[in-house]
Amino acid sequence: MQATAQQSDPIADDLRRRAATAFADHPLPLQAGEWQNKRAQLYSEVMRRSGALAGQQLPPDFRETRRIPMAGFTIRSGYFQTRPGTYATVSLYVPEGNGPFPGVVVMHGHWPAARNSDIFQAVSQQLARNGYVALCIDAWGTGERTTTHGEHEYHGSCLGASLMNVGQTLMGMQITDNIRAVDLLCSLPYVDANRIGATGASGGGNQTMWLAALDERVKAAAPVVSVGTFESYVLNSNCVCELLPGGLTFTEESGILALTAPRALKLMNAERDANKAFTPAQMQRSFDAAKGVYNALGVPEKLSYELFDTTHGYWPPMQSAMLGFFAKELKGQGDGSALPLAKVELLPEERLRAFPAGRRDTLVTSTAAFLAHAKTTPLKTRTAGSLKTLLGCDSIVLLMTNSARKFSGWDSVTILTRERGPKIILHTRAPQGGKKTWRILPGVMPDEAPDTDEGLICYAPYGTGARRSPLADTIDGKLPRFHTLSRSLLWLGKTVQGVWVQELETIQEWLELEKSASTATINASREMALAALLHGAAYGRSNTLELREVPLSWRLDDRAGADFFNMAVHIPNILSWGDVSDVTAACRGDVVIADPRRLSGKLIAGQPLEEWKQTVLKQKKSGRLVLRTVAAPMTARVSQAR
C-alpha cells in the first residue's frame, strides 16, 4: 500500500514535529571560547552513545596477503587489527616511489562489492595515480567481513541493530575501524602521518564525516552525497549504520560538521539525489550552521561545498573535485580547482580479495561472530528507574479521556497524555456475571476477543493496525517491520519498546482511575510480549502475563534468524541492565510463557529451557513462572506487533 497525501498519518506527523523541534533546539556557539567547551561535550557524548573506541594501544599488525602491480602503483590487499583479536580487510593503493606520501582513508557506501566495487576501485586508483596512499577498507559487516566469506550481505536491519543490545552501534563499529585505518596509515614508513585525508560516498560519506569529526589527525575530508540533517533521517530510509541513538537529544548534524573545524572540510552533494536526507537543501541547513563555528575560529575558507548535476554516487566530476581539494589541503598545490582524471583499470572483485572465497582467516570477524562473544559492562544499579531510562520512558500524565458507547456492550475510549503524541483508542467491555478482573489484549480487536466474563481492553499498539504509519510501512518495504519507526524514535532518544511500555502503563492508570482495578492479565506475543515483561519490570505492577513466542535473550544466536523478530525488539545497551531472564525475574506477578524462542526464532525446550527457568527463579521474589512448549493453548488469542 502506497502512502498518499490523503492518508492520515499521526505517527509521521508527531515524529516530524519532534525532529523539527530538536533541530531548532541545538544552535551552535558563535564565540571561539564557547565553542571549545561545546566541542569537548559533543565529542564525549558521541563516543559514549556510539560505543566507538579511540586511542587504542594496539599494533595495526597489517598482514599482506596479495600484491598486484599496476601502472604507476601497487595494490596490496590484506587485513589488520581494529580491536583486540578483531581484524578488518583492506586494500592499500600505493604509488611508485619511496614517499612519504599523503594518505587517504577511502570509505565505501552500500555497494554490493564493498571496497572492491568499481566506483571505489576508481576513487582509490585516482588517488594512487596522483601520489596518495589510498586505504580502502571493508566497512563492518560488508565485503570480506560478512557472515559467510565470499557471499554479499546487508550489514544493517536487525543484524546491525543487534549490536545495540550489547552496547555497541553499527556506526560506532565503523568509526572504530576507520580510526584504526588512520593508525595503520600513520604506521607505514611510506606515509606522511601529518598529511591524512578521508573521503567516501553515501554511507561511506557519512563515515567520512564522523571520522573527520572525531580524529584530529584527518587534516582534510570530502564526504560525498551524504551530508544533510539529522532531522531528515527521521521517517526516512537510511541504514542503521547512519544511526546515532539519542543523537537528536543533544546535537544536529551541523554540530558534527563543526567538530572538524578548523581543519578542511568539503561537502559534495548531488542535485538529483533521490534520498531526501542528502538533498542540497538539507545539506545547506547544516552547512550554514557549521559555518558560524568556522567563522568564529577565523577559518571560513576551510569549510566549503559543491553541487553536481548528478544522481546519487561518486561520479567522475566529483572525483575530479576531490583531487583538486586534496591537492590544495594535503599537498599545498593549486587553488582547489578540479583536476583531470587518469585512466583506470578495473579488476574483478575476486582478484582483489584478501582471501580466496571461503578461506578467510578467523581473525576477520563478522557481526554474528562478534555478537556471540561480545561483553557488556553492567550498570552499577539495576533499578526500575535505570530500565526506564534505557527504554526512553517519560513520566505519564493523563490529560483527557473521552468515552463513547459503540456497539454490543463495547465502549470506545480515547486517551491523550502529556506528551501529546498519537492518541490511544481503547475498546473496552465491562466484566460480566459478577467478575471483577480485567484482561488487556494489545493488537486484538473486539470481534477477535475471547469469550470470557472478564473485563476486556482491546487496542492497537503504536505503529500497528489502525494506528500504523502508512509512510513508515511504505519505506520499510522488504526491510524488517518497524525498521523506520525504530530508527526514527532512536534518533529522538526513545525506543518502540519504551513507547509500548508507556502505553501499557497509561492503560493501567486509566483502568485504576476509572475502574478501580490496579492489576490485570496481559496477553501478548513476540515483540509485544517483550514489552509486557519490560512493563512489569519497569513499573512494578503485579499483573499476570500470558505470553507466546517471547525471545528469552537479546543476544543474537544465529545470523540466519536475525529477522525473525522485527526491529522493535532492539534496545541500546539493554544487556548492561540485564537479559530477558532478569527482566522476567523483576516482574511481581505470574508469568506464563508458551513456545519460548531464541532471538533467531528457534524454539527453546529441554535442558536449555530448564536452565533459563532456574536462572529466573533464583531472582524472582514473587509470582509464579510457567513455561510451555509445542503450541500450548493460552487463555486468549494473543497479538504480535507485525
Side-chain angles (χ1 to χ4, degrees), residues 15 18-19 21-23 25-26 28 38-54 107 109 139-141 155-157 160-179 200 202-215 221 223 226-260 275 277-278 282 285-286 289-290 389-392 483-496 498 567 570-574 576:
L15 290 173
R18 293 172 187 268
T21 299
F23 182 96
D25 284 345
H26 301 303
L28 296 176
K38 180 70 172 178
R39 188 186 191 286
Q41 295 170 5
L42 283 178
Y43 177 88
S44 176
E45 196 70 5
V46 169
M47 296 298 287
R48 180 180 72 85
R49 289 178 180 272
S50 68
L53 301 176
M107 290 153 277
W140 182 275
H155 68 167
S157 294
S162 296
L163 289 162
M164 293 189 293
N165 301 333
V166 301
Q168 301 293 329
T169 65
L170 185 50
M171 173 187 285
M173 302 301 284
Q174 293 182 153
I175 291 172
T176 301
D177 286 347
N178 295 329
I179 290 174
S202 191
N206 192 269
Q207 294 178 59
T208 300
M209 176 186 72
W210 290 104
L211 174 61
L214 301 172
D215 194 329
S226 60
V227 172
T229 60
F230 292 163
E231 178 188 346
S232 65
Y233 283 144
V234 173
L235 268 296
N236 200 36
S237 58
N238 300 77
C239 178
V240 293
C241 73
E242 297 165 326
L243 166 66
L244 179 65
L248 271 168
T249 65
F250 69 94
T251 190
E252 243 293 346
E253 191 157 356
S254 55
I256 308 306
L257 296 176
L259 284 175
T260 303
N275 191 315
F278 306 140
Q282 294 295 334
R285 298 172 71 197
S286 292
T389 298
L390 287 176
L391 293 170
H483 188 272
T484 299
L485 291 183
S486 178
R487 287 182 303 97
S488 298
L489 286 166
L490 285 165
W491 269 111
L492 296 163
K494 300 188 178 298
T495 64
V496 174
M567 283 274 285
H570 304 296
I571 304 167
N573 215 28
I574 185 63
S576 68

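- The aromatic rings of F230 and W210 sit parallel to each other, their planes meeting at less than 30°, with 60° as the upper class boundary.
- Taking 4.5 Å as the limit, some side-chain heavy atom of F250 sits within range of a side-chain heavy atom of L244.
- Looking only at distances, no side-chain donor or acceptor of N206 sits under 3.5 Å from a matching main-chain atom of S226.
- Annotation: the span from W491 atom CH2 to S486 atom OG amounts to 13.0 Å, rounded to 0.5 Å.
- Between T249 and L492, every side-chain heavy-atom pair lies at or beyond the 4.5 Å cut-off.
- The backbone N or O of W140 sits less than 3.5 Å from a side-chain atom of H155, completing a donor-acceptor pair.
- The distance from atom OG1 of T176 to atom CE of M173, rounded to the nearest 0.5 Å, is 6.5 Å.
- Residues satisfying the side chain to side chain contact (heavy atoms under 4.5 Å, CB included) test with S157, not counting sequence neighbours, are Y154, L479, P480, H483, D563.
- Between the CG atom in L259 and the CG atom in D215 there is a gap of 12.0 Å [rounded to 0.5 Å].
- Among residues two or more places apart in sequence or in another chain, the side chain to side chain donor-acceptor pair (under 3.5 Å) test is passed with R49 by E45.
- Residues M164 and P245 approach most closely at SD-CG, 4.0 Å, considering heavy atoms.
- Looking at residues two or more places apart in sequence or on another chain, you find a side chain to side chain donor-acceptor pair (under 3.5 Å) between S232 and T229.
- From L485, atom CG reaches atom NZ of K494 across 14.5 Å, with rounding to the nearest 0.5 Å.
- Between the S286 side chain and the G228 main chain, a donor and an acceptor come within less than 3.5 Å of each other.
- E253 meets the side chain to side chain donor-acceptor pair (under 3.5 Å) test with no other residue; sequence neighbours excluded.
- Pairing each heavy atom of M171 with each of C241, the nearest pair is CB-O, 3.5 Å.
- In this structure, T495 contributes its side chain and L391 its backbone to a donor-acceptor pair below 3.5 Å.
- The line from CG of L243 to CG of L170 is 9.0 Å long, rounded to the nearest 0.5 Å.
- You'll find the side chain of V227 stays beyond 4.5 Å of the side chain of F278, heavy atoms only.
- For E252, there are no salt bridge (Lys or Arg N to Asp or Glu O under 4.0 Å) partners, not counting sequence neighbours.
- Taken to the nearest 0.5 Å, the CD atom of Q207 stands 8.5 Å off from the CD1 atom of I175.
- Evaluation of the side chain to side chain contact (heavy atoms under 4.5 Å, CB included) rule for N573 yields L390, S576 as partners, not counting sequence neighbours.
- Scanning all heavy atoms of the two residues, the minimum distance from A161 to M567 falls at CB-SD, 3.7 Å.
- In terms of heavy atoms, A19 sits closest to V234 at CB-CG2, 3.8 Å.
- With hydrogens and angles ignored, the 3.5 Å screen pairs a side-chain donor or acceptor of N178 with a backbone N or O of Q174.
- Taking every heavy atom of both residues into account, A54 and I179 meet most closely at CB-CD1, 4.0 Å.
- Within the cation-pi definition used here (under 6.0 Å to the ring centroid, within 45° of the axis), R285 qualifies as a partner of F23.
- The nearest pair of heavy atoms linking H26 to L248 is NE2-O, 2.8 Å.
- The closest donor-acceptor contact from the side chain of T208 to the backbone of G204 lies under 3.5 Å.
- With hydrogens and angles ignored, the 3.5 Å screen pairs a side-chain donor or acceptor of T169 with a backbone N or O of S50.
- In terms of modelled atom types and a separation under 3.5 Å, the side chain of N275 and the main chain of A277 share a donor-acceptor contact.
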